[in-house]
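This report concerns only the one structure given below.
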Amino acid sequence: MSENVVHLHKATDPPTPDTAAPTVLTVVPDPAPAAPVPPWVRSGRAVKTAATHETTRATVRAAARHSLYTLNGGRIVARRTWDGRTGSRYERMIRAAEAAGNLEAAEEWEERLQRFRAARHHRRMDLLHSPVDAAKGVAVGAGMSIGVLVALGVVMAISTGQAGDVITPLSATVDFIALLIRIVQVVWGPALAIGPFLALLALWSVGRKQHAAPAWALPANVRSGEGEPITPSIVVKALRDLGVPALARAIKEMGDAGASMLGPITIAGCGVEVDVTLPSGVSTNEVQNKRRKLAENLTRHEHEVFITIPTAARTVRLWVADSGALDEPIGPSPLATDDTMTADYAKGRAPWGQDLRGDAAVLSLYQRHLLITGLSNQGKTAALRALALWLALDRSVEFRVADLKGAGDWAMYDGLATVLIQGPTDDHVIEATEMLEGGVSEMERRLTTPLGTAFPPLILLVDEAQVAFMCPVKDEDSRPYGGSKATSRYFMAARKIHNQGRAVNVLLWQGTQDPTDQNLPKLVREGAHTRASLALGTESQARMALGDKAVDGGAAPNLLRPGLDKGTVVVASDGIEIPSGQASITVRTHYIDTDTATEIAERAKRLRDGVTTLHVIERGEERDPLADIAAVVGDAPRVRTKDVLARLAARNANAYGGWSFIDLKRVLDDAGAEPYKSDGVMVVARDRVARALANRDTDGSVSADG
């Protein structure tokens, strides 16, 4: 029995100072009991809950999916069988080619159809004679087999002396055939029972592979459309829904629903390629500017669709990657897998990576200044180092390297480069600047030699060059080392090498981050013959890195994904094969880690006679030419005189940049360490120089220390 609830509370009127608030008793009755829910309502709610539960939905989808897999798998198999026995496939291809306006392809498919019909007619005519031929073949085969068995029995009878052995081979053969018949009789029943189930399983497998079920019944990862194959209808629909009114209206008005816009869809590496001729009133940049939407319409990510401009007017070329293919690694560099590989500066090409079609991307470095840019930590140094490692396998190439990051990325060039500067400080920038100025002196010396003289390649490589351009230090004449003015020492040295170095094989390679007008002046970046860029932040940076022509032609390093597209570069150069009509090519470079790079560098060192690497360029000191000659000769038994001159210029451009063979010979002759000919070339002997130094110091002459 329920009881009423008694609540105690104060009166609602506020009390006054003279009166106290009285306590009021209020009796609140129990609420009325709720009406009972009818059983049919509870049953309906339970049925609704069960019907809408996710488990029920998943069960229904699974049942429908697997049933339709089997049903539609049978339809697919029947369609394939019909296509294989008739010319319907050829007729479909003819109609598609005619709709696309490709009459050559239509004629080719027509010829294939005629050949198919002729071959089918020939097979049918052969069937008229095949029963008689088969019977003759069986009779002849059986007769020959019996004859062989009887002959074998006669041999056995002669051998054993038992006349009954004549029929032993024949009876054994009959017993074997009887055994096969009994085996078939035992297996036949279960095979008939299991056969239909195996056939249904095969049809289900075909349907499952083709996703032959409605979209609502497919698994979530399949319903998303990821990886959907690119067909003409999908491309036309993606263009129609691009949001360009003139394009959508033109497609709607076309009698063939837009098929005539498309060229053949061809397989291109890990994707497909198709040329799209735009209708009148639609410009190519309207499609280029809609790259993300076009990719999404094609069920791809933005980085999986590339739009370039071929030579044909009012045409865009679409390259669409297989879903997820660009996230797969491309494999190791040939430099890491082939220990016998060598390089040829003049005629060879560096194996740099793969293009988007999966073909090898090889780059010629012959007489080409190089510039590689990109955001930090995107693989710029690794891409630049891969080219330098290949070229190091040509023993005629001399390297002078300045790594203005100083993290050890170029440490393997110790003993390979004649100059190796590593560090980010202003002092390192000064040394890198003087290294370039030494290259200018060597270039000018070569330019004064008789025409037709062949010169070994000299590569001046500066990594993190933006550190040099941003350096605020000035020399004793108040000339800045950095900057982009005519008084800037680094800038002017780079400009001089760009202007004239190519003719005498003195080349400048630079790697720089995040290009701007401040850290990469316009005149320097435009002096590079090969320009490559990794991921960048903006289109304006892409134009600085590659130039307006490449960007207007579809190059878009700013659309690469920082962190995800490491090592992927967009290249503008005549040293690499670029598809006709394009101004650039996208390359996924091979990654060579530091340990592997060190092994490759050791192979390159073994090709040389020994290289003395200078780590600090000495400045402002009194020179001792004989001591410097001994230092640059190093541990090699003998060094060519022209190599000695080059190393001296690298050691101190101010003191030795203008030296000729006559100057070198005068110093050596005076010291009694005359150069001599070995294998037809003039060389300097280490022992002679060391003996001359020892004799001079013993006699009390002035040493290298003054």
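Here, residue 1 is the first one in the sequence, and each next residue gets the next number. Everything numeric in this text was worked out from a predicted model, so none of it was measured.
- For the pair Arg608 and Asp643, the salt-bridge criterion is not met [side-chain N within less than 4.0 Å of a carboxylate O].
- No more than 12 heavy atoms of other residues, nucleotides or ligands sit less than 6.0 Å from atom NZ of Lys496.
- In the model, Asp427 has no side-chain atom that pairs as donor or acceptor with a side-chain atom of Thr425 under 3.5 Å.
- Looking only at distances, a side-chain donor or acceptor of Asn289 sits under 3.5 Å from a matching main-chain atom of Asn285.
- For Glu526 and Lys522, the salt-bridge test passes: some basic side-chain N is under 4.0 Å from an acidic carboxylate O.
- Side chains of Val429 and Thr433 form a contact here, defined as non-hydrogen atoms less than 4.5 Å apart.
- Here Asp414 contributes atom CG and His615 contributes atom NE2; the two are 3.5 Å apart, rounded to the nearest 0.5 Å.
- A donor-acceptor pair shorter than 3.5 Å cannot be found between the side chains of Asn558 and Thr538.
- The side-chain heavy atoms of His590 and Ile330, taken from C-beta on, include a pair separated by under 4.5 Å.
- At distances below 3.5 Å, not a single donor-acceptor pair connects side-chain atoms of Thr598 with backbone N or O atoms of Met412.
- Side-chain polar atoms of Asn505 and Tyr366 form no donor-acceptor pair below 3.5 angstrom.
- Side-chain contact between Leu507 and Leu460 is absent, with no heavy-atom pair separated by less than 4.5 Å.
- For the pair Thr418 and Val632, the minimum side-chain heavy-atom distance is 4.5 Å or more.
- Within the model, atoms OG1 of Thr596 and CG of Leu389 stand 10.0 Å from one another, a figure rounded to the nearest 0.5 Å.
- Using a cutoff of 4.0 Å between basic side-chain nitrogens and carboxylate oxygens, Asp565 and Arg588 are not scored as salt-bridged.
- Looking at heavy atoms from C-beta onward, Leu391 lies in side-chain contact with Tyr345 at the 4.5 angstrom threshold.
- A salt bridge is defined here as a Lys NZ or Arg NE, NH1 or NH2 lying under 4.0 Å from an Asp or Glu carboxylate O, and Arg489 with Asp475 meets this definition.
- Residue-environment remark: CZ (Arg479) exceeds the threshold of 12 foreign heavy atoms within 6.0 Å.
- Between Val639 and Asp609 there is no side-chain heavy-atom pair separated by less than 4.5 Å.
- No more than 12 heavy-atom neighbours from other residues, nucleotides or ligands sit within 6.0 angstrom of CG on Asp635.
- A salt bridge does not link Glu444 to Arg446: none of the charged nitrogens lies less than 4.0 Å from a carboxylate oxygen.
- Of the inter-residue distances, the one linking Glu431 atom CD with Asp426 atom CG reads 11.5 Å to the nearest 0.5 angstrom.
- Distance CD/Gln378 to OG/Ser533: 10.0 Å, rounded to 0.5 Å.
- Here Lys549 does not pair with Asp552 in a salt bridge; the nearest charged N to carboxylate O distance is not below 4.0 Å.
- Of the listed residues (Val569, Val570, Val571), just one forms a side chain to side chain contact (heavy atoms under 4.5 Å, CB included) with Pro557, and that residue is Val570.
- Counting heavy atoms of neighbouring residues, nucleotides and ligands inside a 6.0 Å radius, atom NZ of Lys405 exceeds 12 of them.
- Around atom CZ of Arg543, more than 12 heavy atoms belonging to other residues, nucleotides or ligands sit under 6.0 Å away.
- Looking at Arg531, its side chain never comes within 3.5 Å of a backbone N or O of Leu371 through a donor-acceptor pair.
- When all heavy atoms of Thr516 and Met544 are compared, the closest pair comes out as CA-SD, 3.5 Å.
- Heavy-atom neighbours of Gln288 CD from other residues, nucleotides or ligands within 6.0 Å: above the threshold of 12.
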Given salt bridge (charged side-chain N to carboxylate O under 4.0 Å, His left out), test Asp463 with Lys380 step by step and report yes or no.
-> CA-CA 9 Å; Asp463 196 8; Lys380 168 179 53 60; 3.4 Å; yes

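- Interatomic distance, CD of Gln513 versus OG1 of Thr373, reported as 10.5 Å (0.5 Å rounding).
- Judged by the 6.0 Å distance and 45° axis criteria, Arg445 is not positioned over the aromatic ring of Phe455.
- Gln466 and Glu464 share a donor-acceptor pair across their side chains, judged by distance under 3.5 Å alone.
- A donor-acceptor pair under 3.5 Å is absent between the side-chain atoms of Arg400 and the main chain of Val419, judged by distance alone.
- The two residues Ala631 and Thr612 have their closest heavy-atom pair at O-CG2, 3.3 Å.
- Closest approach of Lys566 to Asn377, counting heavy atoms only: CE-O, 3.0 Å.
- Taking 4.5 Å as the limit, some side-chain heavy atom of Arg385 sits within range of a side-chain heavy atom of Asp409.
- Residues Leu648 and Ile629 have side chains in contact (heavy-atom distance under 4.5 Å, counting atoms from C-beta outward).
- For Arg495 (side chain) and Leu523 (main-chain N/O), a donor-acceptor pair under 3.5 Å exists by modelled atom type.
- Between His369 and His498, the angle of the ring planes lies from 30° to 60°, which puts this pair in the tilted group.
- A donor-acceptor pair under 3.5 Å is formed between the side chain of Gln541 and the backbone N or O of Gly537.
- A distance of 9.5 Å separates CZ in Phe399 from CG in Leu458, rounded to the nearest 0.5 Å.
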